[in-house]
Engineer: 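Supplied in structure tokens, the structure appears directly below.
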Amino acid sequence: MAWLRATRGRRLSFASLGGKLLLILASVGLIGSIALTVLLALVITPSFNALERQAMDGHVQRTRAALTDFASKVESSVRDYGDWNSSYDYIVKPTRAFEQESFSPLAMANLDVDAMAYLRPDRSLVIARWIDPRTGRENDALRDAMVAAIRRAPLDGAMKGSNSGHFYIRLGKIVAAIGVAKVRKSDGTGVPRGYVVMARRITSEQLAKLLQVPARLDLDGAGGDLVTTSSTTMQIAVPVTGAEGRPVAVASFVVPRDVSQLGRHMLWLAVLGSTILLALVLAVLSRMFSLLVLKPLGLVEGHMQRVRNSGSLTLLPEDVGRRDEIASLGRSFNAMLVQLKELREQVEAQGFELGRSESAVAVMHNVRNALNPVSTILSTGIGQGAPVDRALIERGLAELAAADVAPERREKLVSFIAAALDAEDRQREDRSRQLEIGRDAMRQVLEIIGAQQRLAHERPPLEECDATQIIAQNATIARHSGKGASIAFNFPAKKYPVMANRVLLSQVVGNLFSNAAEAISAAGGSGSINVTIAETNDGRVEIAIHDTGEGFDPGGTPQLFQRGFSTRQHKSGGFGLHWCANSVAAMEGSLSLESDGVGRGATARLVLRAPVGKATKTDLAA
């Protein structure tokens with residue numbers, strides 16, 4: 001797993017962050033799968049059950065329609081015989097000619113019926129015949145059974161107030177559709193003289209052909225519609241009703257539960273697909289958590305162990321593309337390391353003593369340069385008033401507390417007070433940032449005071465320092481030292497190691513930046529300071545600080561390093577460059593100034609020793 005690789009070398013337990021993540025993701029996956037299964041079951045199963053019920057109702061309706069259509073065809077045939085003058089005359093005066101013509105086997109075959117009969121109004125029989133369609137012979141037993149059943153049947157009720165009707169009867173093991181009509185004249189007039197009846201046998205084969213499914217007639221079944229289901233099929237039984245509305249047989253057939261099976265398949269497919277998707281999402285989340293959280297935390301922990309083992313307060317490499325809490329943690333850790341390094345330097349700086357007047361004056365000069373941003377920040381803070389009048393806020397709050405304030409007015413008051421509080425928060429945050437810069441400047445003042453040499457001729461201890469880090473730290477302070485000047489800084493982004501005393505080098509760079517900022521302010525209030533670092537031919541490191549300030553006369557270059565000299569008339573001192581040159585010389589380096597003339601800027605070149613065995617790099621960063 002991803003978190004196992006992130007925590008390699010340590011035992012994974014549920015008390016660790018990776019173990020807790022494993023437990024949480026497993027729990028979420030299990031609960032999510034169960035919830036998803038239940039949800040899909042609640043959505044899919046009822047829908048497909050409803051579709052299955054609709055299909056079942058459709059089968060029942062189609063069965064009823066098929067039975068009705070089968071009997072209606074018999075009724076249609078018997079209606080033609082009922083409204084016929086020949087039938088009207090025959091039932092009163094039976095003739096052999098009519099029987100041979102209309103009751104012949106050929107006529108019954110053309111009508112597609114198995115039996116025919118004429119009955120008088122008192123149900124007395126005029127004629128009846130049942131012919132077996134397979135053999136062409138008369139079946140007296142079925143004929144007599146049919147006549148007996150017809151005499152018992154409520155024919156008028158079966159016709160339901162009409163002149164014809166249909167129903168089913170059961171004759172032993174035979175079920176037949178009966179069509180009955182009143183005998184009238186061809187024009188439908190005249191008093192009915194009796195009934196004409198036709199019968200057509202229905203078999204399981206005929207029923208299956210009508211329904212297009214394997215069906216059969218169950219003579220033992222009774223009752224209403226009955227549906228019996230199993231896991232894969234459902235058996236449907238539809239009653240075949242007689243003249244009195246009671247079932248005489250049951251049409252039953254079996255159909256597969258395709259809809260229900262489809263629903264189950266869809267449910268399992270949906271559950272399986274959703275579970276796989278959920279597993280993939282959880283795997284991606286665990287991987288992202290490992291990359292974005294566990295791995296960076298492992299890097300921070302590893303760096304902390306290296307710092308603890310080596311004692312070197314090197315900064316943690318920052319990921320400039322990140323703006324999240326992990327990046328904030330890295331910045332806070334680096335800030336802590338910087339503070340620890342500064343505290344260590346302050347302890348080291350206690351060895352420097354301010355014994356001579358030149359050192360004391362130089363210290364005051366450097367302190368003045370470091371205090372410039374503090375003065376600027378304090379001046380800005382004193383002149384900055386409250387963003388919103390306090391009286392207006394209090395009056396708004398008082399009006400808001402009143403009970404009779406209109407809703408529209410209350411909304412405006414709430415918006416005003418929220419905007420006022422937000423403005424005060426922004427002003428407080430800006431003041432906090434300014435105070436942090438002032439705190440850094442004050443910290444450098446403390447470094448300057450504690451970093452003086454014990455004796456003027458004593459050489460400070462040299463160590464390997466990162467020139468880029470020192471330049472970046474002093475550039476932040478110098479931006480607020482120009483007394484309103486807008487200064488753009490360009491300096492290398494990579495590390496450049498040099499052999500120097502870090503505290504003294506920071507004071508020298510800060511002093512040079514302060515002089516450059518004052519020169520830019522004197523030249524018009526805006527400009528830039530460009531810093532380049534290069535390796536000289538003799539293996540030393542040259543730091544060039546070029547500003548676009550007022551510059552100076554090239555002929556007066558030697559005077560710049562004299563004690564008390566200054567190119568600006570309002571200056572009362574001038575020991576900064578003199579002290580910087582002596583400090584650089586004590587660090588086995590050199591400091592020089594160049595300018596192409598007044599108004600054309602100036603360049604300070606600081607040459608220091610390179611660490612033994614390490615090559616320097618040239619990187620001009622814009």
Engineer: Give every residue pair that meets the ring pair (Phe, Tyr, Trp, His ring centres under 6.0 Å) criterion with at least one member in residues 520-551, sequence neighbours excluded.
Structural biologist: none
Engineer: Ignoring hydrogens and geometry, is there a side-chain-to-backbone donor-acceptor pair from Ser521 to Ala517 under 3.5 Å?
Structural biologist: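 Absent.
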Engineer: Which residues pass the side chain to side chain contact (heavy atoms under 4.5 Å, CB included) test with Asn537, not counting sequence neighbours?
Structural biologist: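 Testing Asn537 for side chain to side chain contact (heavy atoms under 4.5 Å, CB included), a comparison that skips the adjacent residues, returns none.
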Engineer: Just do the side-chain contact (heavy atoms from CB on, under 4.5 Å) check on Asn515 and Asp547 with the steps written out, would you?
Structural biologist: CA-CA 10 Å; Asn515 291 340; Asp547 66 79; over 6 Å; no
Engineer: Search all heavy atoms of Asn501 against all heavy atoms of Cys465 and return the closest pair with its distance.
Structural biologist: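 Minimum heavy-atom separation between Asn501 and Cys465: C-SG, 4.4 Å.
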Engineer: Could you report the tightest heavy-atom contact between Pro296 and Ser290, atom names first, then the distance?
Structural biologist: CD-O, 4.1 Å
Engineer: Excluding sequence neighbours, so at least two apart, what forms salt bridge (charged side-chain N to carboxylate O under 4.0 Å, His left out) with Arg609?
Structural biologist: Glu588
Engineer: Which heavy atom of Leu608 sits nearest to which heavy atom of Arg540, and what is that distance?
Structural biologist: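 So the minimum-distance heavy-atom pair works out to O-CB, 3.3 Å.
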Engineer: What's the spacing between His303 NE2 and Asn334 CG if we round to 0.5 Å?
Structural biologist: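 Answer rounded to 0.5 Å: 6.5 Å.
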Engineer: State whether the number of non-hydrogen atoms from other residues, nucleotides or ligands found under 6.0 Å of Met304 atom CE is greater than 12.
Structural biologist: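 Result for CE/Met304: open.
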Engineer: How long is the straight-line distance from CD1 of Ile533 back to CD of Glu542, given to the nearest 0.5 Å?
Structural biologist: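 Glu542 CD to Ile533 CD1: 10.5 Å, rounded to 0.5 Å.
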Engineer: Could you tell me whether the side chain of Ser506 and the main chain of Ile470 form a donor-acceptor pair under 3.5 Å?
Structural biologist: no
Engineer: For Leu280, which residues count as a side chain to side chain contact (heavy atoms under 4.5 Å, CB included) partner, sequence neighbours excluded?
Structural biologist: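 Side chain to side chain contact (heavy atoms under 4.5 Å, CB included) check on Leu280 returns Ile276.
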Engineer: Would you mind reporting whether Phe513 and Ile471 have side-chain heavy atoms less than 4.5 Å apart?
Structural biologist: yes
Engineer: Under the salt bridge (charged side-chain N to carboxylate O under 4.0 Å, His left out) test, which residues partner Asp425, sequence neighbours left out?
Structural biologist: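 Residues passing salt bridge (charged side-chain N to carboxylate O under 4.0 Å, His left out) with Asp425: Arg428.
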Engineer: For the residue pair Met288 and Leu291, establish whether any side-chain heavy-atom pair is separated by less than 4.5 Å.
Structural biologist: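 With C-beta onward as the side chain, the pair touches.
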Engineer: Please confirm whether the backbone N or O of Tyr496 pairs with a side-chain atom of Asp466, one donor and one acceptor, at under 3.5 Å?
Structural biologist: yes
Engineer: List the atom of Pro497, the atom of Glu464, and the distance in Å for their closest heavy-atom pair.
Structural biologist: CB-OE2, 3.6 Å
Engineer: For Ile24, give me all partners under side chain to side chain contact (heavy atoms under 4.5 Å, CB included), at least two apart in sequence or on another chain.
Structural biologist: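 Listed in chain order: Val28.
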Engineer: Grab the two heavy atoms, one from Val584 and one from Ser590, that are nearest each other, plus how far apart they are.
Structural biologist: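 So the two residues come closest at CG1-N, 3.2 Å.
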Engineer: With rounding to the nearest 0.5 Å, note down the distance linking CZ in Phe489 to CD1 in Ile545.
Structural biologist: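 It is 9.0 Å, given to the nearest 0.5 Å.
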Engineer: Could you pull out the closest heavy-atom pair between Val531 and Pro492, with the gap in Å?
Structural biologist: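 Where Val531 meets Pro492 most closely, the heavy atoms are O-CD, 3.4 Å.
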Engineer: State whether the side chain of Thr468 and the backbone N or O of Lys494 hold a donor-acceptor pair below 3.5 Å, judged by distance alone.
Structural biologist: yes
Engineer: Enter the distance from Met587:CE to Asn582:CG here, rounded to the nearest 0.5 Å.
Structural biologist: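 Output value for this atom pair is 11.0 Å.
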Engineer: If you round to the nearest 0.5 Å, how far is CG of Leu504 from OG of Ser583?
Structural biologist: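 With rounding to 0.5 Å, OG (Ser583) is 5.5 Å from CG (Leu504).
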Engineer: So, using side chain to side chain contact (heavy atoms under 4.5 Å, CB included) as the criterion, who are the partners of Ala335 when residues are at least two apart?
Structural biologist: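 Expected list: none.
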Engineer: Taking Ser595 for the side chain and Phe552 for the main chain, is one N or O donor matched with an acceptor at less than 3.5 Å?
Structural biologist: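 Yes; at least one donor-acceptor contact below 3.5 Å.
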Engineer: If we only count heavy atoms from C-beta on, is the Asn474 to Leu512 side-chain gap below 4.5 Å?
Structural biologist: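 No, side chains not in contact.
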Engineer: Output every pair passing ring pair (Phe, Tyr, Trp, His ring centres under 6.0 Å) with a member in residues 582-610, not counting sequence neighbours, ordered by first then second residue.
Structural biologist: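 Of all non-adjacent pairs touching residues 582-610, none passes ring pair (Phe, Tyr, Trp, His ring centres under 6.0 Å).
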